[in-house]
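Both backbone and side-chain heavy atoms feed into the values below; hydrogens, waters and symmetry mates do not. Letters A, B, ... mirror the listed sequences (proteins, then strands); counts begin at 1.
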2 protein chains.
Amino acid sequence: MRKESSTNNINEKRLREMCGTSYALSIIGGRWKPTIICRLMDGKVRYSELRDSIAGVSERMLVQQLRELEKDGILIRIVHPQVPPKVEYELTEDGLCMQPMLTKMSEWGNNHKAKYQKEELV
Amino acid sequence: MRKESSTNNINEKRLREMCGTSYALSIIGGRWKPTIICRLMDGKVRYSELRDSIAGVSERMLVQQLRELEKDGILIRIVHPQVPPKVEYELTEDGLCMQPMLTKMSEWGNNHKAKYQKEELV
DNA sequence: CTCATTTCTTACGTTTTAGTAAGTACCTAA
DNA sequence: TTAGGTACTTACTAAAACGTAAGAAATGAG
């Protein structure tokens with residue numbers, strides 16, 4: 001339950017509004033979100049494919065992160081009314097155009113990680 | 001206190017190691033970190049200047065985030081042995097070269113935010 | 001009727017992050 | 001001797017994020 005008036009909440013909101021970087025972080029910050037978005041970069045994917053291709057994620061977490069990404073306009077949920085059910089997820093335009101940002105993050109991350117691991121050997 | 005063996009921890013570590021994006025997120029993900037890094041982009045800044053230029057941050061939070069960024073090799077702490085004390089913080093090379101990543105994040109964030117706010121008016 | 005399949009939902013507990021409020025150590029200047 | 005400035009610490013609490021385990025609806029196949 002979220003207390004609207006907590007400083008925690010006020011600080012988060014203020015930063016989200018003032019700072020594009022904080023805003024972006026608040027959207028991709030969930031543990032499984034970058035992975036989900038990457039999986040969807042090439043097109044629609046079914047729920048079960050997503051679940052099976054992301055090692056270590058529980059269904060609860062997967063669903064939760066998908067719902068949040070949907071609410072934030074990053075992806076859409078496509079339900080095919082059939083039995084057994086079939087649900088697909090697809091990135092929106094806003095989700096797709098995260099690509100350059102995610103690439104930069106990945107580049108920086110991999111560089112820094114490699115460098116750190118090398119320094120540890122010295 | 002961090003439990004080494006929790007699944008939570010295992011999942012975080014695995015993602016950090018496998019995925020550059022998750023690794024980057026784990027470093028800039030603290031609430032005040034992007035702001036701190038931005039403030040330092042133009043050069044050394046004193047502790048008190050940092051504190052006064054970041055609205056809403058408590059000293060505890062500021063110190064904590066600075067320590068983490070230091071530990072992760074993003075900035076260094078420069079102590080001038082004088083009274084009253086003077087401490088400056090400065091980005092390392094790895095901190096400085098976050099610039100393009102932060103720019104992309106900020107761009108995406110601001111675009112998406114603007115779009116969302118427009119959609120709400122429709 | 002019972003089973004299988006898919007896509008979740010619910011109840012609950014643990015771990016991590018963020019925040020408040022107060023205190024500390026140092027030396028100087030008055 | 002007392003007040004003041006800088007850069008923190010410490011103890012405590014609240015809230016959010018993450019995770020496990022089990023269940024549930026819908027319906028066709030056997």
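When each of B:Q64 and A:E49 is assigned the nucleotide of DNA chain C bearing its nearest heavy atom, the one mapping closer to the 5' terminus is A:E49. Along DNA chain C, the nucleotide nearest to A:E88 and the one nearest to B:E68 differ in position, and the one closer to the 5' end is contacted by A:E88. The residue among A:P84 and B:L66 whose nearest nucleotide of DNA chain D is located toward the 5' end is B:L66.
For D:dT20, its base sits under 3.5 Å from the side chain of A:R60 at one donor and acceptor pair at least. Evaluation of atom-type donor-acceptor distances gives no pair under 3.5 Å for the side chain of A:R46 against the base of C:dT6.
At whole-Å resolution of the value, CE in A:M61 and P in D:dA21 are 14 Å apart. The nearest whole Å value for the distance from the CD atom in B:E59 to the P atom in C:dT24 is 16 Å. Counting to the nearest Å, the P atom of D:dC8 and the CZ atom of B:R51 are 10 Å from each other. For B:N11 and D:dT20, the CG to C1' distance is 12 Å, given to the nearest whole Å. As rounded to whole Å, 5 Å separates atom C1' of C:dA18 from atom CG of A:N8. Rounded to a whole Å, the CD1 atom of B:I78 is 17 Å from the C1' atom of D:dT6. As rounded to whole Å, 13 Å separates atom C1' of D:dG19 from atom CG of B:N9. Atom pair A:Q82:CD and C:dT7:C1' shows a separation of 12 Å (rounding to whole Å applied).
The shortest distance between the side-chain N/O atoms of B:Y89 and the OP1/OP2 oxygens of D:dA7 is not below 4.0 Å. For B:R67, a side-chain nitrogen or oxygen approaches OP1 or OP2 of D:dT9 to under 4.0 Å. At C:dT6, none of the side-chain N or O atoms of A:S48 fall inside 4.0 Å of OP1 or OP2 (strictly under the cut-off).
A donor and an acceptor atom, one from each side chain of A:R16 and A:S22, are nowhere located under 3.5 Å apart. Side-chain contact annotation: A:S53 with A:R39, donor-acceptor N/O pair under 3.5 Å present.
Closest to the side chain of A:Q65, out of D:dC18, C:dT7, D:dG5, is D:dC18. Listed nucleotides: D:dA7, C:dT7, C:dT28. Nearest to the side chain of B:Y47: D:dA7. Nearest to the side-chain atoms of A:T7 among the listed nucleotides D:dA7, C:dT20, D:dT27 stands C:dT20.
For the residue pair A:C97 and B:W108, the shortest heavy atom distance occurs at O-CD1, 3.4 Å. Looking at every heavy atom in both residues, B:P100 comes nearest to A:K104 through CB-CD, 4.0 Å.
Results of the side-chain contact (heavy atoms from CB on, under 4.5 Å) test with A:L50 over A:V87, A:V57, A:L40 single out A:L40 as the only residue that passes.
Residues from residues 27-38 of chain A that place a heavy atom under 4.0 Å from any atom of DNA chain C: there are none.
With hydrogens and angles ignored, the 3.5 Å screen pairs a side-chain donor or acceptor of B:T92 with a backbone N or O of B:I74. A side-chain donor-acceptor contact under 3.5 Å links A:Q65 to the backbone of A:W32.
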Derivation of the side chain to side chain donor-acceptor pair (under 3.5 Å) call for B:E49 and B:Y89: CA-CA 10 Å; B:E49 292 181 82; B:Y89 291 91; over 6 Å; no
